[in-house]
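Working notes for the structure below.
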There are 2 protein chains.
Amino acid sequence: MEITQGIIKKLSEAGLKITPQRVAVMQTLCKLRMHPTAEELFAEVSKIIPGLSATTIYNTLDTFVEKGMIKRVKTDADVMRYDAITEHHHHLYCAVSDRMEDYFDNELDEMLSAYFERKQIKGFRISDIRLQLMGDFNERKQTQ
Amino acid sequence: MEITQGIIKKLSEAGLKITPQRVAVMQTLCKLRMHPTAEELFAEVSKIIPGLSATTIYNTLDTFVEKGMIKRVKTDADVMRYDAITEHHHHLYCAVSDRMEDYFDNELDEMLSAYFERKQIKGFRISDIRLQLMGDFNERKQTQ
DNA sequence: CGTTAATTTGTATTTATTACAAACAAGTTT
DNA sequence: AAACTTGTTTGTAATAAATACAAATTAACG
């Protein structure tokens, strides 16, 4: 199969050993149009690799993320957070310091709603637009 | 204190009983500029309410979210997800069905980077802009 | 005050994830 | 191709975040 070949190529390019588990995980990940959780992947990949261990799923996914072959959706240090501000706003987030701050920008909001008014997404009705601005807080000095 | 009064007002407007725990949680949540986790809140609020139970934190936060007094940051059904696509893209997310899909939009990306090129955020250097478009997929299951 | 229903507490459980050592297998060397 | 070396997988156990639930407590009302 072409797909399998492509995966094998990707794996060896990343300097990883070609194991049935890794091939199956990557294959499944590519096949599943949605964004599966580790659990969902475990269930799915287990169909291909019977005695698969859940740990392998986590190991494999971590390795893939490390090598930049896949991405983790949502922030990296993933625990639920709470926000007292209920007005519409966005977030500045630094993955290194795991710090998150609010960002308000009316001009941006207007630009975005005008944009999506014009450009409809087929099959999806937007109710809220949330931006996560990844980056870092210039904590050492003020560059102003 | 004025702040406490405001909180008490908010609580009774929401039809909730005024308890020291709730006041302290809301107070702390407003004070902490960042977005604390339940654990962080537990630690912080425990300083005010000594024998506080962790369960109370979860209960209280859930109640506040229900009443729309606070917001949960990140998606509601919060488990880690993985994505095989590493190119820059955004997400369409429906909280009801807990379904997430990719969204690519070059025009949007260009507009956004032009925007943030012009409008710098003081104290923060952006490295990546991620949009989460909340809404619902028009799945043809009901009377459509 | 006294009553009642909401709230908090504490304990036990569940779920997602990580740690770790032993078993194993991929890729290389000979 | 057999042996070797190292990376990978497995299984078990541990940790962390969150939830369920019954009992104890307390706020808000008259």
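In what follows, chains are A, B, ... by sequence order, proteins preceding strands, each numbered from 1.
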- Query: Does B:Tyr58 use its side chain to pair, donor to acceptor, with the backbone of B:Ala38 at less than 3.5 Å?
  - Reply: no
Separation of atom [atom1] in [X] from atom [atom2] in [N], rounded to whole Å:
{"X": "A:Phe64", "N": "D:dG7", "atom1": "CZ", "atom2": "P", "value": "17 Å"}
{"X": "A:Ile18", "N": "D:dT9", "atom1": "CD1", "atom2": "C1'", "value": "16 Å"}
{"X": "A:Leu11", "N": "D:dG7", "atom1": "CG", "atom2": "P", "value": "16 Å"}
{"X": "B:Glu40", "N": "D:dA18", "atom1": "CD", "atom2": "C1'", "value": "16 Å"}

- Note on the structure: Residues pairing under side-chain hydrogen bond (donor to acceptor under 3.5 Å, both in side chains) where one sits in residues 14-26 of chain A, two or more places apart or in two chains, turn out to be none
So do the side chains of [X] and [Y] get within less than 4.5 Å of each other, counting heavy atoms only?
{"X": "A:Tyr115", "Y": "B:Leu112", "value": "no"}
{"X": "B:Gln132", "Y": "B:Leu92", "value": "no"}
{"X": "A:Thr56", "Y": "A:Phe42", "value": "no"}

- Query: Is any side-chain nitrogen or oxygen of B:Tyr58 closer than 4.0 Å to OP1 or OP2 of D:dA18?
  - Reply: yes
- Message: Are there over 12 heavy-atom neighbours, none belonging to A:Glu117, within less than 6.0 Å of that residue's CD?
- Response: no
- Axial bend angle, the helix from C:dC1-D:dG30 to C:dT30-D:dA1: five-pair end segments, nearest 10°: 30°
- Message: Could you check whether B:Glu107 pairs with A:Arg118 (Lys NZ or Arg NE/NH1/NH2 to Asp/Glu carboxylate O, under 4.0 Å)?
- Response: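 Between A:Arg118 and B:Glu107 there is a salt bridge, with a charged N closer than 4.0 Å to a carboxylate O.
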- Query: How does protein reach along nucleotides 4-10 of chain C, written 5' to 3' as B (base within reach of a heavy atom under 4.0 Å), S (only sugar-phosphate), or - (no contact)?
  - Reply: -BSSBBB
- Matching residue for A:Met26 among A:Thr60, A:Leu11, A:Thr4, A:Ile70 - test: side chain to side chain contact (heavy atoms under 4.5 Å, CB included): A:Ile70
